[in-house]
Structure formats: structure tokens, C-alpha cells
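Structure first, then comments.
A, B, ... follow the sequence lines: proteins, then strands. Residue 1 opens every chain. Treat the numbers as computed from the prediction; the structure is a model and nothing was measured.
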Amino acid sequence: MQQRRKKLKKLQEMGINPYPYKFERTHTSRQVQENFEALQNQTVAVAGRIMSNRRMGKAAFFHVQDMDGRIQIYLKRDTVGDFAFEVYKLLDIGDIVGVAGRVFKTRTGEITILAETLELLTKSLRPLPIVKEKLVNGRRVVYDPFTDKELRYRQRYVDLIVNPEVKEVFIKRSRIMSAMREFLNKRGYLEVETPILQPIYGGASARPFITHHNALDMKLYLRIANELYLKRLIVGGFEGVYEFAKDFRNEGMDRFHNPEFTQMELYVAYQDYHWMMALTEEMISTIAQEVLGTMKITYQGREIDLAPPWRRVPLFESIREHAGVDIAGADEATLRRVAEDLGIAVEDGWGSGKIIDEIFGELVEPKLIQPTFITDYPLEMSPLAKKHRENPRLVERFEPIIAGKEIGNAFSELNDPLDQRRRFEAQMQLRARGDEEAQVLDEDFLRALEYGMPPTAGLGIGIDRLTMLLTDQPSIRDVIFFPHMRPEKTH
RNA sequence: GGGCCCGUAGCUCAGCUGGUAGAGCAGCGGCCUUUUAAGCCGUUGGUCCCAGGUUCGAAUCCUGGCGGGCUCACCA
């Protein structure tokens, strides 16, 4: 850093502004690479960050990295002039420069720009963790890579500069969301925005973050879901609405959980969960096709085929299949015994829904590698879902599961206001017994339902998890630019 | 929250059963006008995460703390 400040000063003494205002570039690195035939011997202007530097007396080679790649620059004192060469000598890896010159190929065959002018665009004062690399059989081999996960997450900007594959993941994330948005818009659904600060949090079972509004002197919660607001919009007469929503849950963090995460929630009037399953498989497979060019993906070494139709298996049937027990209709005492026989530790406070969920999560979910819709959950686990048309102890709900992990949640939405009130009341009783994640009764939401909500199908898709799946990333932190971290130590 | 592992130069790491810190790359100085992990010669660089303890002596052993990773629990 000391050295770089000295160089900065020298440059300024030479009359160079180390932070000028703009640069007219004509091509990106990739455009030069891809149009070499046409551009050979033509003059182009590129800009970017110096990522390697090889000086050889009165000439030099260095690579400049821009948005979509790198290109080599060849600098000769005879071509660029004494002054520019003196400027060059004061540059470092990490500095941002603009170069104009003629396109050619070196003796070793690399497409290169012979610099005619060189302009400093930004002086970098902080050294980058330099990465040395070479191509072996067309493969990039990196020496001493920048791998420290803590530094990579805390200083994502450095990670992005130095590890190009990281950039790819986030570009795909953006494309996944665009493809999803396009898919939904094409069907006429309306993208909307609903409150993040909510006086009553609802729509999911989770603990919230709490904040305070000064002017109103009231408690507000960061939303854990937007479900109840979107359904209000269905009541209001919109017949298809969706939102890409940042949600916040005040819970543990691990490979699959970040305190703030992104969900796409969609509600469509006059449809049920069967219809929604068809839409879900079509949507996910279409996105894969558009973003990856294929519906066959590999996640952590496992081949997964996203092409519809996906298997649809009722929850109890999946448990029968994978755990070898039939617990459909079993009472709580039976469930408790069965779970213990299966080697699952059951806690005293758990109700039957929780026990079933546990058996499923332990013994079934991890085995569902290929896309599967698990359907028809116990009523008590799903206070916002409509009763199953054939079995009043179940609800019409499904979760799409891929690679052993749920990537969403959906149901035929409960629109009977009296039933909804009873379900809320049951939740409030759980809450009174100390279940902090039980849902809160929302009187205004009930009022909306009392005006009448048409039959509606709802879906939530975890964007972070979907991105993990489609980019083959093992941790949610690898698909979130700035994952939550403890504050940096300052000692 | 529990368990295991990690924290040494800008980066990647070595440093044994305690003897006062090293390599490669980067940086700096020099040579080099088609190199590419460029090369060659020379060279700077460290609160060894923090605080205590044991010891004549601690990067090393012990305790506590901080930060991170993995994992289990929790959690949709």
C-alpha cells in the first residue's frame, strides 16, 4: 500500500489524473476474441483491470480483465512512446486502464492488442490476492488460488475480481430470475410489491426480526413471507399476482439457510394445487432449458432430469415406500411409537404433524433425488392450506423436492374464512403453549377472506435453493453476494 | 446451542516431542522489445487472531475469548 501511494504521487507529479472521468471503449475483451478475423490489424479500445504483468525491459505484456473476460496487451516503448511507458512502469496489478491499439496474434498464438495509447483510469491502492494461472490442454489451472471463505464472503468484490467462476454463478442467478419473470409475465400474471415492514407477520411458521417505527411508536416485523398480502390482492380482484420477495427469518444459519433469502410467490385464481404442480414442473424445466440449455443437470455429482412430468407421491405413500411403515391415519401415540422404532428421537411437546414431518425429513426427503412432488400433508402442519377434497385430515398441499431438498411449497389456498379463523385459533393455542413459531392470527386478513376470495392456487419457490441447484453450488452462501456474517473483528 | 477442524508475510502454505519464524508467488531494485505460472540476479516484509497461564524460554503446551469452516440439533 505504501508503494502504491508513492506511485500515485509520482503519477500526479507527472500530470496524470489517476481518477479521470470516462473512457470511450469500442470493444469488450470477448468481442475482440470472438471477432479476431474481422478485427485483425484494426484499432480497438478496451478497458479493464490489469490482472497480470510481465515486463521485459522496454516492452511488456499484461492482461486486462473486463466484464466478460480478459485480453492480453502488448506494450512496446517504441509504439506507445516514452511518456506512456514511464506511466506504465508506475502501474500495478489491480489498476484499471484503457488501451487503444491494433489487434494481432503473438508468436504463441494469443490474440493480443499492440498498445498505441495507454491511459490510467483508476489507480488501485490495495494489492489484490494475485492468482497465477496457466492453460493446460485448454483447462485453466490456478496456482495459489484465493480460497479463504471468510475473506471471499466478506470481501466479495475481491472474490469476483479474482475468481471468474464466481461471477458466472451470479450471472446465472440473474438469468434464472429473468427467465422466471418472463415465464410468469407471458401467462399474464402481474408482478407486484407488498410490505416488507409488517405490523403482523404471517404466511409461514418462523420467528421474525423485530424493528420499531419511531413516528408511530410501534413495533414492526420484517416479513417472514408475503403470502397473506398477495392473497388480499386476489380478494381485490387480481387473478394472478407474483412477487420476488426478500423474506427474513430470525433463525439459525447453515448451508441451506440465510437469515434473509429470496422467494418467488405466485397466486392464481380459479386454480388448484394439481394445476399448480403442472405449472411448477413446466416453469422449472423451462428455466433450466433457457439458462443452462438443458433439462439434465448435475448437482453435487448426481444426475438429475428436470423434464416433466415429475413424480407425484402423497406424503404417507412416500413414507410407506422409503421408511417401510404405513402411518396414514395413525394417532399420536402410534406415531410416537413408530418413530422411535425407526430410531428417530421424538420430543414430548411434538404433535402428530411434527412427528410425521420428522419421519419424512429423516428417512424420505434425502432419498428424493429426482424431482418429486410430495403431496397431501396433515392438516395441523398447514394452517393456510385448504382441506383435502377427499380426506378432511389432510390438506391439498405439495412440495417440489429435488436433490433431497425442498425448493418450494404450494397449496390450494384456504378461502373459507370460518375455517381459516379456526386454524388461526389452533395456532394461537400452540403459541400459548410456547411454540414461538406458531402463526399469528391476522384479523384484517380474515376480514378480506370474509369478502370472498375465489378458489386460488399458491406457490412459493426458494430462489436461493433453486439457484444452488442449477449452478451446482453446495452452500447458500455461494449464491448470495453478501451472505450474513458476524461483524468483522476490530480489536 | 453441541461436536470436530482451522486462524503464521498481501495470497497459498510449512514450521516435529517448547529454544525466539520460513518457502513459493506478490512487492521493491537491476537486466531483458512476441512473453504467458516469463526468466535471471539482488532485496524488503510478521502484534505467529486476542487475553491470561505453565516455563529460564511459547507460533508450538494449557485455559478463556474472538472469527471462520464442516457437521449435528433447530429451522420449512
Side-chain angles (χ1 to χ4, degrees), chain A residues 1-4 6-7 51-63 70 72-80 85 89 92-94 104-112 114-115 124-136 140-155 158 162-163 203-207 224-225 247 249-259 261 263 345 347 353-354 357-358 360-362 365 374 377 381-382 397 399-401 405-410 435-437 439 460 462 465 474-475 477 483 485-491:
Chain A
M1 290 226 1
Q2 288 305 319
Q3 299 288 353
R4 290 187 179 215
K6 261 190 228 163
K7 289 179 180 174
M51 292 303 288
S52 71
N53 191 12
R54 290 180 291 279
R55 196 173 133 207
M56 299 164 20
K58 296 169 190 68
F61 288 90
F62 58 90
H63 279 92
R70 288 183 186 183
Q72 180 168 259
I73 308 297
Y74 179 40
L75 193 79
K76 281 202 289 189
R77 196 176 65 175
D78 291 350
T79 309
V80 83
F85 202 77
K89 285 197 212 160
D92 293 292
I93 287 175
F104 76 108
K105 222 176 232 183
T106 61
R107 196 187 286 159
T108 51
E110 180 164 349
I111 294 168
T112 301
L114 174 62
S124 163
L125 295 181
R126 213 175 261 279
L128 285 171
I130 39 82
V131 173
K132 289 249 169 183
E133 56 189 71
K134 72 171 172 185
L135 292 173
V136 179
R140 207 167 138 261
V141 179
V142 177
Y143 297 82
D144 298 333
F146 177 59
T147 52
D148 185 312
K149 288 212 169 142
E150 179 174 358
L151 288 178
R152 286 186 47 213
Y153 296 146
R154 283 195 197 281
Q155 302 186 42
V158 175
V162 161
N163 296 323
S205 301
R207 278 182 289 174
I224 58 172
D247 291 336
R249 296 188 184 174
N250 205 341
E251 281 154 2
M253 303 156 55
D254 60 30
R255 202 148 78 75
F256 295 99
H257 301 263
N258 194 60
F261 64 103
Q263 276 202 97
E347 285 174 26
K354 176 69 191 159
D357 194 35
E358 199 63 21
F360 176 77
E362 279 298 308
E365 198 177 40
I374 296 295
Y377 287 70
M381 294 166 67
S382 317
R397 170 180 177 186
E399 290 192 349
I401 295 176
K405 211 71 202 172
E406 59 192 88
I407 61 153
N409 186 18
D435 183 351
E436 287 184 74
E437 277 137 18
Q439 301 194 16
R465 288 190 187 172
S475 170
R477 293 191 196 97
M485 292 264 202
R486 284 197 171 82
E488 235 172 311
K489 61 186 163 192
T490 43
H491 55 265

- Item | Integer angstrom distance from the P of B:rG10 to that of B:rU34 | 35 Å

- Message: Using a 4.0 Å heavy-atom cut-off, does A:Phe256 contact any base of the nucleic acid, only the sugar-phosphate backbone, or nothing at all?
- Response: nothing

- Item | Pairwise C1' distance for B:rA51 and B:rG67, with rounding to whole Å | 15 Å

- Message: Could you tell me how far B:rA58 sits from B:rC31 if I compare only their P atoms? Round to whole Å.
- Response: 46 Å

- Item | Of the listed nucleotides B:rU33, B:rC11, B:rU35, the one nearest the side chain of A:Asp78 | B:rU33

- Touch class at under 4.0 angstrom, heavy-atom based, for A:Ala206 against every strand present: sugar-phosphate

- Regarding the side chain of A:Phe146, the nearest nucleotide among B:rU12, B:rG67, B:rU33 is B:rU12

- Nearest-Å distance once atom C1' is located in both B:rC50 and B:rG68: 15 Å

- Query: Looking across every strand, which nucleic acid part, if any, lies under 4.0 Å from A:Asp148 by heavy atom: base, sugar-phosphate, or nothing?
  - Reply: sugar-phosphate

- When rounded to whole Å, the CE to P distance for the pair A:Met56 and B:rC31 reads 14 Å

- Item | Phosphate OP1/OP2 of B:rC70: any A:Arg477 side-chain N/O under 4.0 Å | yes

- Query: Considering only B:rU33, B:rU35, B:rC74, which nucleotide approaches the side chain of A:Ala59 most closely?
  - Reply: B:rU33

- Message: Classify A:Leu151 by what it touches in the nucleic acid, base, sugar-phosphate, or nothing, heavy-atom distance under 4.0 Å.
- Response: sugar-phosphate

- C1' atom, B:rA9 versus B:rC28: distance in rounded Å? 15 Å

N/O contacts under 3.5 Å, protein versus nucleotides 28-30 of chain B?
| unit_1 | atom_1 | unit_2 | atom_2 | d |
| --- | --- | --- | --- | --- |
| B:rC28 | OP1 | A:Lys7 | NZ | 2.1 |

- Note on the structure: What one should report as the nearest heavy-atom pair of A:Ile401 and A:Phe360 is CD1-CZ, 3.5 Å

- Message: What's the closest nucleotide to the side chain of A:Arg255 if the choices are B:rU34, B:rG69, B:rU71?
- Response: B:rU71

- Task: Would you indicate what A:Thr147 reaches in the nucleic acid, counting non-hydrogen atoms under 4.0 angstrom: base, sugar-phosphate, or nothing?
- Result: sugar-phosphate

- Message: Heavy atoms only, 4.0 Å cut-off, all strands: where does A:Arg77 land among base, sugar-phosphate and nothing?
- Response: nothing

- Query: Contact class for A:Gln439 vs. all strands (heavy atom < 4.0 Å): base, sugar-phosphate, or nothing?
  - Reply: nothing

